Amino acid sequence: MAYNLLKGKRGIIFGALNNQSIAWKVAERAVEEGAEIVLTNTAVACRMGTIDELAQKTGATVIPADATSVTDLENLFVEAQKVLGGQIDFVLHSCAMSVNMRKKRTYDDLDYGFLDKTLDISAISFHKMIQTAKKLDAIAENGSILALTYVASHRTFFGYNDMADAKALLESIARSFGYIYGREKGVRVNTISQSPTVTTAGSGIKGFDGMVDYSDRMSPLGNATADECADYCIVMFSDLTRKVTMQTLFHDGGFSNMGMSLRGMTQYNKSFIAENTDENGKIIYG
């Protein structure tokens, strides 16, 4: 059901790749709620994914841009305002990637060149995006900027690797820019800490299926789906949340406040096994 929450608003959605992407779901819901949007991703992702299908469905324009390139971002915000006919009311940053994880490098054996790329793509691009938009005065007063994060920014999760560092930096950027942009233009900047969600990016995390099952058992409301995350993003883009800024907003069925659930304990009690060890009997900590 649509409520016209974004009627007359203009937005840019970063990161839609295919119909598994949270950004894809957000784009669909934004248009259902009355917004006009521009879709963006890297040129390679635009070719490899099915973003043109989403553009056709939503009536959106696709403007390829590398979120780590200030030049690309400048072009994006200038051209998006031309296409949409004015300043931008909302932006979603849904960009994340770890080369170390793809190369199966553990946290105590990181390649620092790969780490630089992880931080640039997954966090610093958020700073570049906001700084570029601010310098161009591309965001309308009382606009809303969102990025997607994960609770591993606060807690240690096996297998999440250097992405945890990137998410912590992402949230810090939201707080710092939230103060500056809020003070000067009433623009709010927040992050949504989503449940582990089955997407193309999420599936590359070691032990991801186990993370999904564990969080679902631990959360009193169960895991939040991509569609439910899209609903939450729409509320954050709308005028209903004009005084919410600089926040990490947990959208995880209550997982972030849980210690141990009955379902979690029941499963744990079923699976007592010896510690993971290598061929020499040494414990593997991961």
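Values in this document were obtained by computation on a predicted structure and should not be read as measured data.
Looking at D72, its side chain does come within 3.5 Å of a backbone N or O of D66 through a donor-acceptor pair. Side-chain atoms of R10 come within 3.5 Å of backbone N or O of L84 as a donor-acceptor pair. Using modelled atom types, no side-chain atom of E32 and backbone atom of A2 make a donor-acceptor pair closer than 3.5 Å. Without hydrogens or angle criteria, T118 side chain to M163 main chain gives no donor-acceptor distance under 3.5 Å. K57 places no side-chain N or O within 3.5 Å of a backbone atom of D52 that could act as its donor or acceptor partner. The closest donor-acceptor contact from the side chain of K103 to the backbone of S98 lies at 3.5 Å or more, if one exists at all. The closest donor-acceptor contact from the side chain of N4 to the backbone of K7 lies at 3.5 Å or more, if one exists at all. Side chain of S172 to backbone of A168: no donor-acceptor contact under 3.5 angstrom is found. Listed for the T241 side chain is a donor-acceptor partner under 3.5 Å among the backbone atoms of V235. Remark: the backbone N or O of W24 is not paired with any side-chain donor or acceptor of N19 at under 3.5 angstrom.
At a threshold of 4.5 Å between non-hydrogen side-chain atoms, the residues L54 and E28 count as touching. Proximity of R263 to M218: side-chain heavy atoms (C-beta onward) are nowhere separated by under 4.5 Å. Contact annotation: the side chain of T156 never approaches that of Y107 to less than 4.5 Å [non-hydrogen atoms, C-beta and beyond].
In terms of hydrophobic clustering, with Ile, Leu, Val, Met, Phe, Trp and Tyr side chains grouped at heavy-atom distances under 4.5 Å, V99 and L169 are assigned to different clusters. One hydrophobic cluster holds both V91 and V78 under the rule that ILVMFWY side chains link at heavy-atom gaps under 4.5 Å. One hydrophobic cluster, built from ILVMFWY side chains closer than 4.5 Å, holds both V31 and I22. Note on F250 and M246: separate hydrophobic clusters, where clusters join Ile, Leu, Val, Met, Phe, Trp and Tyr whose side-chain heavy atoms are under 4.5 Å apart, directly or indirectly. Hydrophobic cluster membership differs between L115 and M101, with clusters built from Ile, Leu, Val, Met, Phe, Trp and Tyr side chains linked at under 4.5 angstrom.
Closest approach of A23 to A16, counting heavy atoms only: CB-N, 3.5 Å. In plain terms, the two heavy atoms of R188 and M236 that are nearest each other are NH2-O, 3.1 Å. When all heavy atoms of N223 and S215 are compared, the pair lying nearest together is OD1-OG, 2.7 Å. Heavy-atom minimum distance, I139 versus G143: CG2-CA, 4.2 Å. Taking both residues in full, the closest heavy atoms of L148 and C229 are given as CD2-SG, 4.1 Å, listed atom of the first, atom of the second, then distance. Between A123 and L170, the shortest heavy-atom distance links the atoms CB-N, 3.8 Å.
Rounding to the nearest 0.5 Å places CG of D89 at 10.5 Å from CZ of F237. Distance check, rounded to the nearest 0.5 Å: CG of N75 to CD1 of I63 gives 7.0 Å. A distance of 8.5 Å separates CG in L6 from CG in D239, rounded to the nearest 0.5 Å. Taken from NZ in K25 to OG1 in T197, the straight-line distance is 11.0 Å, to the nearest 0.5 Å. Remark: H127 NE2 to L119 CG distance equals 13.5 Å, nearest 0.5 Å. Between F255 atom CZ and Q194 atom CD the span is 12.5 Å, to the nearest 0.5 Å.
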What's the verdict on side chain to side chain contact (heavy atoms under 4.5 Å, CB included) for I88 and V38, showing C-alpha distance, side-chain angles and the deciding distance? CA-CA 10 Å; I88 309 303; V38 161; over 6 Å; no

side-chain hydrogen bond (donor to acceptor under 3.5 Å, both in side chains) evaluation trace for D162 with N100: CA-CA 8 Å; D162 56 348; N100 277 303; 3.0 Å; yes

Criterion side chain to side chain contact (heavy atoms under 4.5 Å, CB included) on M129 and F126, from CA distance to verdict: CA-CA 5 Å; M129 183 192 86; F126 191 45; 3.7 Å; yes

Run the numbers on T68 and S125 for side-chain hydrogen bond (donor to acceptor under 3.5 Å, both in side chains), then give the verdict. CA-CA 5 Å; T68 67; S125 63; over 6 Å; no

Derivation of the side chain to side chain contact (heavy atoms under 4.5 Å, CB included) call for Q87 and D137: CA-CA 8 Å; Q87 289 177 302; D137 194 26; 3.6 Å; yes

Please assess F77 against I12 for the test side chain to side chain contact (heavy atoms under 4.5 Å, CB included), listing each intermediate value before the final yes or no. CA-CA 9 Å; F77 280 108; I12 299 177; 3.7 Å; yes

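The neighbour count for K185 NZ, taken as heavy atoms of other residues, nucleotides or ligands under 6.0 Å away, is above 12. More than 12 heavy-atom neighbours from other residues, nucleotides or ligands sit within 6.0 angstrom of CZ on F157. By the 6.0 Å contact criterion, CD on Q56 is open, its count of non-hydrogen atoms from other residues, nucleotides or ligands being 12 or less.
Note that R183 lies in the cation-pi zone of Y179, set by a 6.0 Å cut-off to the ring centre and a 45° limit from the axis.
Looking at K128 and D120, a side-chain N of the basic residue comes within less than 4.0 Å of a carboxylate O on the acidic one, giving a salt bridge.
In the model, D108 has a side-chain atom that pairs as donor or acceptor with a side-chain atom of T106 under 3.5 Å. For T191 and T248, the side-chain atoms include at least one donor-acceptor pair closer than 3.5 Å.
Between Y160 and Y150, the ring planes lie tilted relative to each other; the angle falls in the 30° to 60° range.
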